[in-house]
Amino acid sequence: MAQAKPKFYLTTPIYYTNGLPHIGHTYTTVVADTVRRYKRMQGYEVVMTTGTDEHGVNVERAAQKAGVPESEFVAQMAEAWRALWEELGVPADEFIRTTEVRHARTVQWLFKLFRENGFVYPGHYTGQYCIYDNAYVDVKPGENCPDCGRPTETVTEENYFFKLSAFEKPLLDLYKKNPTFIQPETRRNEILSFVEGGLRDLSITRTSIRWGIPVPGEEPHVFYVWFDALTAYLSAVGGPEYERRGFWPADLHLVGKDIIRFHTVYWPAFLMAAGLPLPKQVWAHGWFLIDAGKMSKSKGNVVLPRPIAQVLGMDALRYYMLRETVFGQDGNFSFDALVTRYNADLANGIGNLSNRTLTMIQQYCGGRIPQPTPGHTESSANTLRTMFRPTIWMVVGNAESGDKGHYNTLQFSSALQDIARLVSHVDAYLVQEKPWVLAKDEAQKQRLADVLYDSAEALRIITVLAHPVLPEATKEIWKQLGQPGTLEEQRIDQLDWGQLKSGTRIGTIQAVFPRMDHQEAIGRMEAMESETQKPVAAPAASDGTVASPSGAAAQTAPEKIAIEDFAKVEMRVGQIKTAERIVGADKLLKLTVDVGSEVRQICAGIAQFYEPESLVGRKVVVVVNLAPRKLRGVESNGMIVAASVGPEGRPVLAAFTEDVEVGARLK
RNA sequence: GCCGGCGUAGCUCAGUGGUAGAGCGAGGGUCUCAUAAUCCCUAGGCCGUGGGUUCGAUUCCCCCCGCCGGCACCA
């Protein structure tokens, strides 16, 4: 009878269905997938959940806008998310949707436990509410939402309150007793000071929202989205019957640093109130910054995973995400660095090593893993063995290190750095031993066998170690190595030098990470990114500048227009007469522009990059037959043409190198 | 405003109380099994500025400058 495997449960957040996954979401999910694969290779039975958060006013509105019922809208969104994770090779073991019955049951059950245990009470809540962010915000009446800048509404409603204040002490005890409950350290300190500052009770129901899980017997109360969403972690593994499946409590909640509070304060408090076991750890990772700035839809610098997966492969994106940044900290994202990493570490590194090793076995050993000299593999004089063993322990941990290997502590960048060093060692070993020279001398046959066995063994170990991060490529190498069994079932915690089987026939050799032309790869990815995001990019023109895609993106403009279409756009040379900032607008300048026939007032979204004074007298290109519109209450009658440069879309005004007459038409 | 972090070689970043490291890039060399790949050598950088503690600080403390984050529900 097979022994029951230990269980491991980890989660990503359930994602809000107001858009599609970008690399931020992908990051969390990739990390989760990597941990899942690693844990399975340690012999755990693992469940990883992700899912969709489908309630709240935003969804209500988005559905309305789309002209479909909410249920239909969220069904489509949920399917899109689920399918994308599948496509990217990071599917959930349990995909949980907050509109599922099993989830509603759990939420209602939890609330019932709160009531029974005396942790909820009815009350009134009055506050400024941002209907766009679906949240109460801490501003005075009449002020705009500090986050999104849009108007807030004063709302008073009857709510059920959760006695969060009762858990101040228990939470602090939890953090103290379990110092690694919140990771990394900096986030722990932040939460510590937040909780020490005192906790206010939390309203966990709403009457202002219709699209949510009803509070039984208390209609029209529905549950507040965060209470609803957090509970999904429990619903996914059995809800009220969680004990039967045996996966609760979660071993690991992976979250972005922005939602750490919900997971380390509210969520454990909810569970305490219900008398349920607490998750073991919450890990908050950082963000990928684009040009040192936050990625956001409004900036139009959102990077989507699919183009990267299609050009370089998911393994490349996974490797980049996990290698480039110390887990927990923010990192920089750029296509340039991505392709550099791909070529340097994957193509020239592990890919090339696999290729050269297998090719030599093919050519010099008849395509079979050679038989080393007896005793050679175990010999402490075996240089690769001597190098490899300590690194294996560093990466996967062992009893001596208290199991604190890099993977165990989620130090992926260190793990990958160590693996890269192993690759480099083997390359150096090959240059030193020169099997291609040994192959020419019949007397060196056994020596050749030893060298190539060692190289292949090294490759096998590298493949096993890298598998959690590079699942596709390592499976391919495993196949080419011709080893018995699947790579997934290899026990990474029992990995040691000398386990490679001799005599097995290797598979068909094929490059796993073909080297990419740097510029071409970047161009293709950028073109695909801007292609996908066209609906997002288009509204950028409404701020008074014409954004034209730069670089490679421009070359792939899919739809051609006729000359008549172009003729519809009347562009003329204009000269800026006055320029001033618009109060309350960061980006907008109010310009008056002489277009020959008249002087127009035009607003342009260039204030962050141009000083008003420097613009006066400057000649620019103006679209003069654009329908007028108001921006920030100021009439804009036309559009200034500018290039949109870089991922942040910095505007650069179009200009002439020769003198031109004001009013001249462009065609 | 309150709290916290960061500022180290051209770039991206590690790191340590005893006067500094990696990868990439660049330059030179080498090999030919390999994906014009590998391997070897080469970076001499006031470890942001100024002060303090110490036998000794890049590493500990304080001030200042610059950048960033949390408090303010986009991974």
Side-chain angles (χ1 to χ4, degrees), chain A residues 12-13 15-16 18-19 21-32 56 58 130 133-139 145-148 185-187 189-194 196-197 224-226 229 254-262 266 284-289 292-298 302 321 323-326 329-332 334 336-337 340-341 343-349 351-364 413-414 416-417 420-421 423-439 451-452 455 509-516:
Chain A
T12 78
Y15 302 110
Y16 203 67
N18 60 347
H22 56 239
I23 57 163
H25 308 103
T26 309
Y27 182 40
T28 318
T29 310
V30 158
V31 169
N58 281 325
C130 176
D133 291 347
N134 208 5
Y136 282 96
V137 292
D138 189 17
V139 295
C145 172
D147 195 52
C148 68
E185 197 70 24
T186 47
R187 300 297 154 204
N189 293 338
E190 279 173 19
I191 293 301
L192 225 53
S193 69
F194 173 78
E196 279 165 354
Y224 171 52
V225 286
W226 267 105
L254 289 165
V255 299
K257 63 181 183 179
D258 50 310
I259 54 174
I260 183 77
R261 224 172 75 202
F262 298 95
Y266 303 167
H285 66 247
W287 281 328
F288 274 105
L289 306 176
K294 209 195 275 191
M295 180 167 55
S296 73
K297 262 196 213 169
S298 58
V302 174
M321 287 177 154
R323 172 64 235 266
E324 192 73 6
T325 307
V326 174
Q329 296 183 8
D330 287 348
N332 298 304
S334 76
D336 188 62
T340 299
R341 279 261 175 240
N343 277 332
D345 295 2
L346 298 178
N348 297 353
N352 184 240
L353 176 65
S354 167
N355 198 231
R356 69 193 302 205
T357 304
L358 291 163
T359 301
M360 285 190 280
I361 289 171
Q362 184 67 50
Q363 289 179 13
Y364 309 145
S413 56
S414 300
L416 291 171
Q417 209 171 337
R421 206 165 287 138
V423 171
S424 191
H425 276 140
V426 183
D427 277 328
Y429 174 78
L430 286 170
V431 168
Q432 188 194 318
E433 300 297 334
K434 300 187 180 48
W436 48 93
V437 175
L438 299 175
V451 169
L452 288 184
S455 308
I509 302 167
Q510 205 174 22
V512 285
F513 293 114
R515 195 180 166 79
M516 303 294 280

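In what follows, every heavy atom counts, from backbone to side chain, and hydrogens, waters and symmetry copies are set aside. All chains are named by letter (A, B, ...) in the order of the sequence lines, taking the proteins before the strands, and each is independently numbered beginning at 1.
When distances are taken from the side chain of A/Asp258 to each of B/rC13, B/rA37, B/rA75, the shortest belongs to B/rA75. The side chain of A/Val431 sits closest to B/rU38 out of B/rA72, B/rA75, B/rU38. Considering only the side chain of A/Asn352, B/rA34 comes nearest among B/rC71, B/rA34, B/rC39. Proximity note for A/Val512 (side chain, C-beta onward) versus B/rC39, B/rA72, B/rU35: the nearest is B/rU35. In the set B/rA75, B/rC39, B/rG70, B/rC39 carries the atom at the smallest distance from any side-chain atom of A/Asp427. Comparing B/rG70, B/rA37, B/rA22 by their closest approach to the side chain of A/Gln417 singles out B/rA22. Here the side chain of A/Ala344 is nearest to one of B/rC24, B/rA34, B/rA75, namely B/rC24. Nearest nucleotide to the side chain of A/Met360, out of B/rC33, B/rA72, B/rG69: B/rC33. Counting only heavy atoms from C-beta on, A/Asn355 has its side chain closest to B/rA34 among B/rA34, B/rC13, B/rG70. Checked against B/rU35, B/rG69, B/rC33, the side chain of A/Arg515 finds its nearest nucleotide in B/rU35.
For B/rG23 and B/rC60, the P atoms lie 26 Å apart once the distance is rounded to whole Å. For the P atoms, the distance from B/rA37 to B/rU19 is 38 Å, rounded to whole Å. On the C1' atoms, B/rG7 is 32 Å away from B/rC41, given to the nearest whole Å. Comparing the P positions of B/rA43 and B/rG27 gives a spacing of 16 Å, expressed to the nearest Å. B/rG4 sits 26 Å from B/rG18 when the P atoms are compared, rounded to a whole Å. For the P atoms, the distance linking B/rC13 with B/rG50 amounts to 25 Å, nearest Å. Going from the C1' atom of B/rC67 to that of B/rU49 covers 15 Å, rounded to whole Å. Comparing the P positions of B/rC64 and B/rC24 gives a spacing of 41 Å, expressed to the nearest Å.
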Name the pairs: protein N/O against N/O of nucleotides 7-12 of chain B, kept only if under 3.5 Å.
{"unit_1": "B/rU12", "atom_1": "O3'", "unit_2": "A/Asn332", "atom_2": "ND2", "d": "3.1"}

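A/Leu346 has its side chain out of reach of A/Arg341: every pair of non-hydrogen atoms, C-beta onward, lies at least 4.5 Å apart.
A sub-4.0 Å separation between OP1 or OP2 of B/rU38 and a side-chain N or O of A/Asn348 is present. Considering only side-chain N and O atoms, A/Gln510 lies nowhere under 4.0 angstrom from the phosphate OP1 or OP2 of B/rU35. Using a 4.0 Å cut-off, some side-chain N or O of A/Ser424 falls inside it from OP1 or OP2 of B/rC39.
Looking at heavy-atom distances under 4.0 Å, A/Thr359 makes contact with sugar-phosphate atoms alone, never a base.
Rounded to an integer number of Å, the gap from NE2 of A/His425 to P of B/rG23 is 11 Å.
Residues A/Tyr15 and A/Thr28 approach most closely at OH-CB, 3.4 Å, considering heavy atoms.
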Starting at the 5' end of RNA chain B, write a dot or bracket for each base, bracketing those in Watson-Crick or G-U wobble pairs whose two distances are under 3.5 Å and using | for partners on another strand. (((((((..((((.......)))).((((.........)))).....(.(((.......))).))))))))....

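Between the CG atom in A/Asn332 and the OG1 atom in A/Thr325 there is a gap of 7.0 Å [rounded to 0.5 Å]. With values rounded to the nearest 0.5 angstrom, A/Phe288 atom CZ is found 10.5 Å from A/Thr26 atom OG1. To the nearest 0.5 Å, atoms CD (A/Gln329) and NZ (A/Lys257) are separated by 10.0 Å.
Between A/Gly286 and A/Thr340, it is A/Thr340 whose nearest contact on RNA chain B lies nearer the 5' terminus.
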